[in-house]
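Inspection log for the structure reproduced underneath, given as structure tokens.
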4 protein chains.
Amino acid sequence: MGTSYWSLWVFTFQAIFNIYDLLLHSCFTPTKRSTQVNAPMRFGLIGTGRIGQVHASSVARTEGAELTMVADVFVEGAKKTAEQYGGVATAEAMDCFDSSKVDAVIVASPTATHLDLISAAIDANIPILCEKPIDLDITRVDAMRDKAAKASIPIVLGFNRRFDPHFNSVHQRVQAGEIGKLEQLVLISRDPAPASKEYLAVSGGIFRDMTIHDFDMGRFFVPNIVSVTANGFNQFSSEIKELGDYDATSVTLRGANDELVLINNSRHAIYGFDQRMEAFGDKGMLRVENLTNTNVRLYNQTSAEVKEPYQNFFLERYMDSYLLELAEFMKKVRGEASNSPDFEDGRAALVLANAALESSQTGKTVSVSV
Amino acid sequence: MGTSYWSLWVFTFQAIFNIYDLLLHSCFTPTKRSTQVNAPMRFGLIGTGRIGQVHASSVARTEGAELTMVADVFVEGAKKTAEQYGGVATAEAMDCFDSSKVDAVIVASPTATHLDLISAAIDANIPILCEKPIDLDITRVDAMRDKAAKASIPIVLGFNRRFDPHFNSVHQRVQAGEIGKLEQLVLISRDPAPASKEYLAVSGGIFRDMTIHDFDMGRFFVPNIVSVTANGFNQFSSEIKELGDYDATSVTLRGANDELVLINNSRHAIYGFDQRMEAFGDKGMLRVENLTNTNVRLYNQTSAEVKEPYQNFFLERYMDSYLLELAEFMKKVRGEASNSPDFEDGRAALVLANAALESSQTGKTVSVSV
Amino acid sequence: MGTSYWSLWVFTFQAIFNIYDLLLHSCFTPTKRSTQVNAPMRFGLIGTGRIGQVHASSVARTEGAELTMVADVFVEGAKKTAEQYGGVATAEAMDCFDSSKVDAVIVASPTATHLDLISAAIDANIPILCEKPIDLDITRVDAMRDKAAKASIPIVLGFNRRFDPHFNSVHQRVQAGEIGKLEQLVLISRDPAPASKEYLAVSGGIFRDMTIHDFDMGRFFVPNIVSVTANGFNQFSSEIKELGDYDATSVTLRGANDELVLINNSRHAIYGFDQRMEAFGDKGMLRVENLTNTNVRLYNQTSAEVKEPYQNFFLERYMDSYLLELAEFMKKVRGEASNSPDFEDGRAALVLANAALESSQTGKTVSVSV
Amino acid sequence: MGTSYWSLWVFTFQAIFNIYDLLLHSCFTPTKRSTQVNAPMRFGLIGTGRIGQVHASSVARTEGAELTMVADVFVEGAKKTAEQYGGVATAEAMDCFDSSKVDAVIVASPTATHLDLISAAIDANIPILCEKPIDLDITRVDAMRDKAAKASIPIVLGFNRRFDPHFNSVHQRVQAGEIGKLEQLVLISRDPAPASKEYLAVSGGIFRDMTIHDFDMGRFFVPNIVSVTANGFNQFSSEIKELGDYDATSVTLRGANDELVLINNSRHAIYGFDQRMEAFGDKGMLRVENLTNTNVRLYNQTSAEVKEPYQNFFLERYMDSYLLELAEFMKKVRGEASNSPDFEDGRAALVLANAALESSQTGKTVSVSV
């Protein structure tokens with residue numbers, strides 16, 4: 001294990017320490033802030049649901065970031081969030097595109113609003129971090145594609161899992177050549193339990209709502225995908241079946257160099273949020289298993305090495321990745337080197353989701369070019 | 001974890017102890033043998049290559065079993081094996097079907113001979129344990145199907161992995177309901193390195209030669225398969241590509257109750273023989289990871305919890321399962337309850353392999369009924 | 001696993017979530033702070049070395065806490081810390097005992113100053129969180145014992161490891177009876193590398209400087225210790241040997257009910273900071289192993305399941321426990337129920353350290369009563 | 001990881017494969033045996049209790065070994081064993097020292113008979129493998145010491161754990177320098193449950209009966225021990241307390257180069273037979289954890305990564321080590337290089353046990369020279 005190996009560890013550790021660093025330096029007394037030469041980056045937040053709360057807290061915990069505008073059509077939600085994390089509450093999303101008050105916008109409102117808000121951000125020349133998926137309708141996305149390509153502002157898609165320290169460490173080590181040529185990527189992603197029927201009904205289906213994360217993760221490791229083969233299953237939920245949706249999937253993506261990306265989903269997993277990755281190359285394999293809150297193990301008469309159940313859902317499992325996603329977005333806003341996924345990444349994930357849906361319905365492999 | 005849980009452990013432990021038991025009681029002095037009321041079961045072995053050796057040693061290590069006839073067209077191989085494990089050497093396979101000298105036959109000769117030897121066993125009324133695959137040509141298999149169905153002797157196929165103590169324990173625990181309804185079975189099987197080009201050229205291709213084990217394992221857990229979707233890949237071996245074969249695969253089997261069996265293969269794995277299983281149900285999940293020869297772990301300046309490389313290939317990984325396979329076959333010969341896979345299991349695995357090949361070539365899901 | 005078991009998990013999870021909660025709510029805009037009904041707790045910090053920095057950052061990251069005074073005889077250190085985390089810098093420790101500016105004091109100055117500062121805190125009626133050890137001289141500690149006992153303010157000792165989420169979870173589960181009667185506690189604690197010779201020369205020796213944490217952890221689980229048997233070793237450091245100190249130890253504490261606390265130390269460990277615990281009872285065992293920054297594992301030609309080296313030292317390993325220690329101290333300051341260790345805990349750890357030193361020098365078990 | 005590292009793996013693998021090899025070649029047809037140029041080694045077995053059975057089965061499973069004489073004062077036991085594993089049954093131990101019928105003797109009779117049987121073996125010039133402990137009375141051992149030293153036959157003590165593939169692999173890797181200078185050896189050994197009161201009453205006490213294995217293991221890694229410090233505990237068994245014995249211990253051995261051997265015992269462990277080792281050096285650490293029969297793990301609503309309980313006791317845990325112990329003894333009988341522990345090893349373990357008992361009773365460290 002020579003020098004290059006060590007530089008890798010340093011690399012990885014730095015990624016980790018960035019979190020601590022962000023946390024350690026994320027809080028300032030008013031005095032200190034006033035003495036800053038550079039003013040903090042002012043954020044507008046659109047949408048104050050579950051994900052909106054996560055972004056608000058990320059901004060609050062990040063040094064050099066400030067929440068100045070909070071918009072939600074349910075203005076009470078906006079008020080409550082503003083009260084907790086700062087900023088002025090409004091019912092009007094467009095208030096966030098006022099460059100005298102906001103330097104960058106985070107969009108956590110319903111999917112149907114995403115493209116319009118991206119468009120508004122381009123018009124207002126304000127950088128935007130937009131939650132996934134970019135939209136459920138590829139025609140609408142493609143209609144915006146040119147405008148997005150020509151935009152001078154950063155348009156960043158919220159594929160936060162790219163920034164998870166564990167998955168990101170695998171990516172860095174693969175890039176550094178530690179496992180040689182990447183041949184296979186196995187992603188097992190199972191939610192602890194299905195969302196409500198109301199949510200599912202407008203979710204766009206499992207491929208566009210849930211597998212979308214895995215499609216992006218697949219492209220994070222294998223950017224050029226040439227075909228999609230998918231199967232959908234109805235294993236446990238009559239509700240989901242009635243919606244014409246699947247509750248489990250298997251998907252095979254083929255990369256341009258015959259890489260295999262294998263995805264397996266279920267809408268439930270009794271042991272918690274199941275988020276695993278395996279990168280297999282000709283020189284080795286890197287794997288990420290699930291996380292528990294402590295590393296305590298129990299040994300007794302009926303069993304050995306018993307761990308607690310896994311971290312239960314994304315707020316818990318991906319808390320750090322949301323924070324690091326914001327840090328990366330801020331780099332891009334400042335014009336620094338950044339790995340933030342962009343409009344085209346958002347589109348590509350949707351293209352793959354659509355191809356998977358088609359494949360699962362026709363029983364045929366679907367060619368794509370992303 | 002109530003009473004039923006405990007009975008499960010007992011169940012599992014018994015399976016394990018059977019191995020020890022077999023070993024502990026597998027050797028007898030001549031004196032003892034002569035006082036036995038029941039004579040030992042006399043075995044004929046056809047084929048003395050790598051797998052033939054394993055079977056010969058299994059017979060030698062098993063109480064109540066005796067090798068009396070060893071056949072190989074390369075008669076030197078037969079002689080060497082007979083010298084080590086007992087029996088009379090012959091170049092003529094048909095010599096093994098002499099019921100005055102042999103009570104049961106084990107076939108470890110090339111695939112092309114399997115059906116004829118099964119036919120001969122039926123004619124001679126001698127029970128047969130035949131290595132997989134049953135044949136590479138489904139028409140030939142189907143031509144024998146009726147005769148096999150009407151045969152009064154046990155015809156057992158050598159899907160030894162069903163008897164691996166780890167996989168078998170998962171099967172028993174799934175059967176006992178420990179994880180509720182089985183929804184998904186994930187099988188990751190990667191060989192340490194490809195066989196020789198000569199072997200590969202006559203192997204019937206990856207699906208019929210290598211994935212065949214996973215097809216049988218899938219059916220061990222989900223007997224009724226209704227469709228097969230497969231992709232083949234050429235990731236690293238130009239030799240294999242030139243043969244028109246794949247060096248990696250992903251396969252999705254759909255069960256009659258929408259169960260998902262997900263198979264992933266590679267013809268190489270630098271870290272050793274990769275043989276994993278994951279059974280996922282609505283009440284829990286059971287997993288088998290790979291095995292090392294000792295459980296020693298190293299901790300040093302560059303890494304922690306380092307294990308040795310995995311057991312390198314099937315002789316090492318599945319030594320116990322061959323022994324248990326033989327024990328189960330002997331039960332069947334004696335007319336006792338037995339879980340040995342039969343002719344139809346051998347045919348079904350071939351049907352699935354053929355369907356996988358077709359699917360990988362046409363890009364279409366193939367319906368099957370096995 | 002009945003209801004009580006579940007309540008345990010809830011218990012544990014709450015401990016974990018407290019960290020997230022502290023982090024999530026630890027940052028406020030000036031606006032928000034001004035609208036708070038309760039003013040933040042104002043902290044004075046004495047000592048701005050490595051540990052002082054940790055405490056300053058903990059205060060900065062904690063909601064309702066504010067750093068208002070920072071003292072260090074090296075006033076440049078105080079200034080730098082104040083600039084980063086807030087507060088007024090001073091060279092004079094006594095400036096921190098001004099109740100018009102400070103509600104509570106944290107002492108991170110050299111050990112020799114601890115007792116005087118505790119005394120000053122009592123006189124000023126200001127709650128104090130003082131780093132370990134309380135002093136190196138038991139006579140001096142005992143001279144202060146009465147005054148401390150009569151003090152109306154909280155005097156808290158900085159045994160932060162009690163608040164480590166992993167060890168604390170074991171403690172809670174032991175208290176809840178999960179492993180029955182606690183019989184044995186095994187603590188393996190090895191530093192990654194020895195401190196500088198200068199530090200070691202004034203450290204009071206390995207028992208009072210390093211093992212002191214294990215003595216307190218032992219008492220956290222087994223409060224009444226009746227005897228100490230210790231051995232000291234010189235295994236690798238000639239520097240430490242020249243100081244008349246040991247670089248490795250084994251210690252056996254006997255509890256009043258014949259509990260066994262087994263401690264093993266080394267001043268170096270090439271694989272990182274080694275901090276393990278094993279609680280053994282008549283109904284089961286709970287263990288904590290070491291932590292890595294990610295859970296990525298590597299598999300290659302020479303090894304399997306390779307993890308990164310362990311977290312390297314206490315700033316990394318115990319970051320969370322310092323934060324939770326502060327939260328617990330604040331509860332005590334507010335008069336709420338709190339598990340903070342106190343003056344007597346600080347004294348008891350020193351008594352055990354002294355007994356261990358005596359035992360290691362005389363080769364005799366030493367009776368104690370703490 | 002250079003060449004020397006690889007040679008280590010090869011080393012380890014060979015140790016493992018030796019087992020398989022022994023098993024694979026351990027059974028012969030009568031025909032074959034008669035054609036052997038070298039006659040098998042003929043064994044006499046004295047004592048047919050639990051351990052006697054293990055040795056009988058080891059002989060039966062070993063190529064080139066034959067059980068020809070079985071002695072037990074309870075002649076029915078001898079008869080039953082002879083019937084199962086071969087040989088002539090007798091009530092008279094001395095019948096085993098007839099060199100016309102026996103080439104080597106294995107002693108598994110009560111401890112009190114060991115020295116006399118060793119003496120008889122020397123007189124008869126027949127190699128002997130004698131179970132531990134050598135005796136409970138050091139005066140009696142020392143009285144035999146000279147005779148043993150002058151004996152021309154191998155006198156081997158049954159410290160089988162030295163041959164456990166896991167512990168032995170650690171020993172080989174330590175010898176090969178993989179962790180640098182060995183500084184600490186931590187042995188945690190806990191029986192699943194205490195033996196019967198009858199057995200315990202004549203066992204010689206925990207140090208001479210149970211810890212004796214750990215004393216030998218300590219000396220396997222650190223041959224020269226200079227002092228012993230021990231504590232005994234009465235934690236759970238009133239029966240054991242009434243016998244004046246302990247049910248738990250902690251022992252510190254000091255090596256001549258200030259190595260630390262730390263031993264921790266309990267007479268019970270609800271999760272199974274607890275047999276762990278940790279070798280700590282200045283370049284790394286090697287650890288052996290407990291074993292389960294399968295590597296299946298369960299994940300459900302209340303817990304994750306659940307393994308089965310550990311292998312329950314020594315017949316299960318150390319089955320392989322008894323077989324390898326016999327193989328090593330046979331090498332010694334044949335005059336080949338061998339690592340079998342001898343009379344002096346048996347004496348040294350008793351010296352350490354006596355010193356531990358004295359230390360636990362006096363509260364003082366006891367100097368030894370072994």
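In what follows, chains carry the letters A, B, and so on, assigned in the order in which the sequence lines appear, proteins first and then strands, with residues in each chain numbered from 1.
- Other residues, nucleotides and ligands contribute only 12 or fewer heavy atoms inside 6.0 Å of the NZ atom of C:Lys101.
- Within 6.0 Å of atom NZ in C:Lys283, 12 or fewer heavy atoms from other residues, nucleotides or ligands are found, so the atom counts as exposed in its surroundings.
- Side-chain contact between A:Asn300 and C:Ile179 is absent, with no heavy-atom pair separated by less than 4.5 Å.
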Side chain to side chain contact (heavy atoms under 4.5 Å, CB included) between C:Val296 and A:Arg173, worked out: CA-CA 10 Å; C:Val296 180; A:Arg173 292 168 73 173; 3.6 Å; yes
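- Nearest approach of A:Asn290 to C:Asn295, heavy atoms of both residues: O-ND2, 3.5 Å.
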Worked verdict on A:Leu298 versus C:Glu178 for side chain to side chain contact (heavy atoms under 4.5 Å, CB included): CA-CA 9 Å; A:Leu298 172 69; C:Glu178 195 170 337; 3.3 Å; yes
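- Taken to the nearest 0.5 Å, the CZ atom of C:Arg297 stands 11.5 Å off from the CE atom of A:Met285.
- In terms of heavy-atom proximity, A:Thr294 sits nearest to C:Pro165 at CG2-O, 3.9 Å.
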